[in-house]
Q: 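Could you have a look at this structure, given as structure tokens, before my questions?
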Amino acid sequence: MIRVYNTLSKTKEPFETVTPGKVGIYLCGPTVYKPSHIGHMVGPVIFDAIKRYLVYSGYEVTLVINVTDVDDKLIVESANQNVPMSELAAEMTADYMRNLKAMSVESVDHFPRATENIDEIIRLTATLVEKGFAYESAGDVYFDVAQCRDYGKLSGRSADQMQGEGGEAAGRKRSAADFALWKSAKPGEPSWPSPWGNGRPGWHIECSAMSRRLLGRTFDIHGGGLDLVFPHHENEIAQSESAHGQPMAKYWMHNGLMQASDEVGKVGGRNTRAAEGDLASQEAGKISKSRGSSAFRDLLAQFSPETIRFFLLSTHYRRPIDYSEARIEQVGTGMEAFYRFFKRFERVAGESFHALPVAARRVQGEFDSGKDPLLVDVTRHRQAFLDAMDDDFNTGGATGALFELVRRLNKFVDDEKLEAGAKGKDAAVAALRQGTVTLRELAAALGLFLKPVEEKQVKADSLVDDLMALLIDIRNESRKKKDFATADRIRETLTKLGITLEDRPGGTEWSRK
RNA sequence: GGCGCCGUAGCCAAGCGGCUAAGGCAGCGGAUUGCAAAUCCGCCAUCCCCGGUUCGAAUCCGGGCGGCGCCUCCA
């Protein structure tokens, strides 16, 4: 039984879908006016893992992430850069997509764009006007919050509690809390014809319109960053539920925000600033660049995508994460244990980890461990993983189980002395393989270790290979002659060059850092 | 001011009333190794403070202290 924390009820609830066996998920994506930073990857990575896990658990899942490509910020930025809004949006959308791809976020079924759904948006807006939930004012259309009796149920606020002054549109609104469904176009702004004149959608209406089109009037999970609870999701609920008279989503899931540890505020947020000290403008830029708010693609130059993904999944999704490069590095160090085990498995079993079959569904991954001590433990760790994930997608606990599993597998290889030669140890190798298949299955359910890591910088260089073979040869001859001074000199010098030698029963191997 | 979150070892982190408080990084000791690397084993926390509920609390309630988010664009 999967349980999900619902922001609406502030409790964990049993996960029961609207339609048995099917799950619809809508995740609020970015406004594409600048390159994405790491904060933009948190939701997609988590929800990609959630979708994979739900599919693995037997559901048929549709995952939608929207892209907001018309918006005030976009208009301002395109004017600054003197490029058409659509061009800027296309460029930034491409950047976003590249980043998602690097993060192995591959499970998204639809990326609807606001500008491609104007008709649907206008239809929904018109419905709200007809039903008396919205009103036109000088070419704008506003949602009338006073007409929505349970406004504030998601964020725990009431309309009269709003401090806002209503912004620049205050004069056209009946109440400061009212928000725009449709904004009339000023000269030169991108616009579309509508019953209220030329204009463009307000910020929230697109999600109501596009989720309805792709997932229906009531769908299962609506996700987004915690910062979207109010006003964005509150307003989506008001729009959709007023228009349809039924709940918009069963479960509202919000991920914690990425925070810059040395700054106040979330990564990329407007309030982000150095925690103390008044920084010279150029210095401030540098610092913010060295924190999480720099373009995500720059981060990719520094860390492997898989390390960043693992980093994001190493804690529970609702918990805020402090961005720190040292932490990502630590995660990377920990992950090496997996990569080393994959190589070890290949040496012992003669089979690539990445060539092992992956159970598409958890029931397919079950096996009879009998009384085999290794397999009994493997089953136990597998269960710990599943229990963690079933409990509100606790990826932190789940990755912990993965570490325990590799350690158990390594111990087995040690105990059975499989590295010294696997001849006549078919049963042991078979058990190891079963355990490793389980590791692959569970990791895949999180979207981890799907493909072999790209051998970084180690270009196929036959000269280097040949020279290394020569050095290793000379060193091993020295070792045979007990000339350890020469042997150690070779190894130590190589260590300084960033090359590690490992003497194993099967021979000496080298690797570059 | 209003709404809400968090405070577990040097660092990160799981834990959601009851086995000896997962796991990772760092450190220390040991096995293994000619010595290493890798691997394995062991060591390293009574859970911010004070009350309360309970046979029993890191886990529930109240009050502090500390950190943070939102209320305005925002993943």
Side-chain angles (χ1 to χ4, degrees), chain A residues 3 7 10-12 27-31 33 36-47 65 68 71-73 76 152 155-158 161-167 203 223-232 234 254-259 264-272 310-311 314-316 318-322 324 326-327 329-337 340-341 343-344 381 384 388 391-392 394-415 419 479 482-484 487-488 491-492 495 500-504 508-511:
Chain A
R3 297 195 311 145
T7 306
K10 294 185 177 61
T11 57
K12 274 185 213 170
L27 176 67
C28 284
T31 299
Y33 72 107
S36 31
H37 59 252
I38 188 168
H40 292 117
M41 294 296 117
V42 176
V45 165
I46 285 160
F47 278 88
I65 300 182
T68 299
D71 170 88
D72 291 1
K73 291 194 298 294
V76 169
S155 59
R157 297 156 209 264
S158 58
Q161 202 174 67
M162 305 299 161
Q163 280 190 347
E165 290 165 20
W203 175 32
L226 211 47
D227 53 349
L228 295 183
V229 174
F230 188 90
H232 187 52
E234 193 69 74
H254 293 97
N255 60 268
L257 304 178
M258 177 71 59
Q259 286 163 215
V264 175
K266 68 200 172 189
V267 165
R270 195 190 58 168
N271 292 324
T272 304
F310 202 102
F311 166 67
S314 62
T315 181
H316 184 88
R318 270 190 287 122
R319 198 180 169 109
I321 311 178
D322 274 343
S324 128
R327 277 202 55 204
E329 254 169 50
Q330 282 185 5
V331 167
T333 305
M335 287 174 75
E336 281 168 24
R340 279 192 228 100
F341 174 76
K343 287 185 181 162
R344 195 177 199 196
H381 292 130
D391 184 9
D392 197 27
N394 184 353
T395 54
T399 50
L402 252 28
F403 274 104
E404 290 181 280
L405 183 50
V406 224
R407 193 175 62 198
R408 183 64 183 89
L409 260 18
N410 266 320
K411 182 172 163 53
F412 183 75
V413 175
D414 281 3
D415 290 349
E419 287 248 51
R479 289 173 69 210
K482 309 264 184 210
D483 176 10
F484 296 120
D488 290 348
R491 191 179 59 205
E492 279 156 24
T495 301
T500 308
L501 292 189
E502 299 184 29
D503 297 325
R504 291 212 195 76
T508 301
E509 283 190 18
W510 66 278
S511 60

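Side chains are part of it too, since the values below use all heavy atoms of this structure and drop only hydrogens, waters and symmetry mates. Lettering of chains follows the sequences in order, A, B, ..., and the numbering in each one begins at 1.
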Q: Assign Gly152(A) to base, sugar-phosphate, or nothing according to its heavy-atom contacts below 4.0 angstrom with the strands shown.
A: nothing

Q: Considering only the P atoms, how many Å lie between rG18(B) and rC61(B), rounded to the nearest integer?
A: 15 Å

Q: From CG of Leu226(A) over to C1' of rC6(B), roughly how many Å is that when rounded to an integer?
A: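 Rounded to whole Å, this separation is 11 Å.
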
Q: Is there a donor-acceptor contact under 3.5 Å from the side chain of Thr333(A) to the main chain of Glu329(A)?
A: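 It does hold such a pair.
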
Q: For rA21(B) and rA58(B), measure between their P atoms and round to the nearest Å.
A: 10 Å

Q: Look at Thr31(A) and rA75(B) and indicate whether a side-chain polar atom (N or O) is within less than 4.0 Å of OP1 or OP2.
A: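 Yes, such a contact exists.
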
Q: Paired with rC70(B) by Watson-Crick or G-U wobble geometry, both distances under 3.5 Å: which nucleotide is it?
A: rG2(B)

Q: Determine the Euclidean distance between corresponding C1' atoms of rA26(B) and rC43(B); express it in Å to zero decimal places.
A: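 Going atom to atom, C1' in each nucleotide, I get 14 Å.
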
Q: For RNA chain B, whose closest nucleotide is more 5', that of Asp391(A) or that of Thr399(A)?
A: Asp391(A)

Q: Distance only, no hydrogens: is a donor on one side chain within 3.5 Å (strictly under) of an acceptor on the other, for Arg344(A) and Asn410(A)?
A: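 Side-chain D/A pair, Arg344(A) to Asn410(A): present.
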
Q: Between Glu234(A) and Val229(A), is there a side-chain heavy-atom distance shorter than 4.5 Å?
A: no

Q: Return yes if a side-chain donor-acceptor contact under 3.5 Å exists between Asp227(A) and His232(A), otherwise no.
A: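 The criterion, which ignores hydrogens and geometry beyond distance, is not satisfied for His232(A) and Asp227(A).
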
Q: Is Arg157(A) close enough and on-axis enough to Phe230(A), meaning under 6.0 Å and within 45°, for cation-pi?
A: yes

Q: Grab the CZ-C1' distance between Arg318(A) and rA75(B) for me, whole Å please.
A: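 Whole-Å distance recorded here is 17 Å.
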
Q: Give a yes or no on whether the backbone of Arg327(A) and the side-chain of Ser324(A) come within a donor-acceptor separation of less than 3.5 Å.
A: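 Pair found, side chain donor or acceptor close to backbone of Arg327(A).
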
Q: Salt bridge between Asp414(A) and Lys411(A), side-chain N to carboxylate O under 4.0 Å?
A: no

Q: Side chain of Asn394(A) only, heavy atoms from C-beta on: which candidate in rA75(B), rA26(B), rG15(B) is closest?
A: rG15(B)

Q: Check whether the side chains of Asp71(A) and Thr31(A) place a donor and an acceptor atom closer than 3.5 Å, and report yes or no.
A: no

Q: Across the strands shown, which category fits His316(A) at heavy-atom distances under 4.0 angstrom: base, sugar-phosphate, nothing?
A: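 If one applies the 4.0 Å heavy-atom cut-off, His316(A) turns out to touch the sugar-phosphate alone, with no base involved.
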
Q: Send over the distance from Asp227(A) CG to rC68(B) P, rounded to a whole Å.
A: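 Computing the Asp227(A):CG to rC68(B):P distance gives 17 Å.
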
Q: Say you pick atom P in rC60(B) and the same atom in rC6(B); how far apart are they, in whole Å?
A: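 After rounding to an integer number of Å, I get 9 Å for this pair.
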
Q: Between Glu234(A) (CD) and rG4(B) (P), how many Å, whole number?
A: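 It works out to 12 Å between those atoms.
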
Q: Rounded to whole Å, please give me the gap between CZ in Arg327(A) and P in rC11(B).
A: 13 Å

Q: Would you kindly give the CG-to-C1' distance between Asp71(A) and rA75(B), to the nearest whole Å?
A: 14 Å

Q: Does rG34(B) have a Watson-Crick or wobble mate here (both distances under 3.5 Å), and if so which one?
A: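 WC or wobble partner does not exist here.
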
Q: What is the nucleic acid contact for Gly43(A), judged by heavy atoms within less than 4.0 Å: base, sugar-phosphate only, or nothing?
A: nothing

Q: If you measure from the C1' atom in rG24(B) to the same atom in rG67(B), how many Å do you get, rounded?
A: 24 Å

Q: Measure the shortest side-chain to side-chain distance between Thr508(A) and Arg479(A) over non-hydrogen atoms and say whether it is less than 4.5 angstrom.
A: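 The answer is yes; the side chains approach within 4.5 Å.
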
Q: Of His232(A) and Ser314(A), whose closest RNA chain B nucleotide lies nearer the 5' terminus?
A: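 By nearest-heavy-atom nucleotide position, the 5'-most residue is Ser314(A).
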
Q: So what's rU53(B) paired with, Watson-Crick or G-U wobble, going by both distances under 3.5 Å?
A: none

Q: Only pairs with both distances under 3.5 Å count, Watson-Crick or wobble alike; so what is the partner of rG10(B) in this structure?
A: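 Pairing partner: rC25(B).
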
Q: If we call it a pair only when both distances are under 3.5 Å in a Watson-Crick or G-U wobble match, what pairs with rC47(B)?
A: none

Q: Can you tell me how far C1' of rG23(B) sits from CD of Glu404(A), to the nearest Å?
A: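 Spelled out: CD on Glu404(A) to C1' on rG23(B) is 6 Å.
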
Q: When the P atoms of rC3(B) and rC49(B) are compared, how many Å lie between them, rounded to an integer?
A: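 So the two P atoms sit 28 Å from each other.
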
Q: When the P atoms of rA57(B) and rC19(B) are considered, how many whole Å apart are they?
A: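 It comes out at 11 Å once rounded to the nearest Å.
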
Q: Looking only at side-chain atoms of His37(A), point me to the closest of rA75(B), rC70(B), rA14(B).
A: rA75(B)

Q: Nearest-Å distance, CG (Leu257(A)) to P (rC68(B))?
A: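 Whole-Å distance recorded here is 14 Å.
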
Q: When you compare rC68(B) with rU8(B), how far apart are their P atoms, in angstrom units rounded to a whole number?
A: 15 Å

Q: Going 5' to 3' through nucleotides 34-45 of chain B, assign each nucleotide B (protein heavy atom under 4.0 Å from a base atom), S (under 4.0 Å only from sugar-phosphate atoms) or - (no protein heavy atom that close).
A: BBBBSBSS----

Q: Go through rA26(B), rA75(B), rA14(B) for me and flag the one nearest to the Thr333(A) side chain.
A: rA26(B)

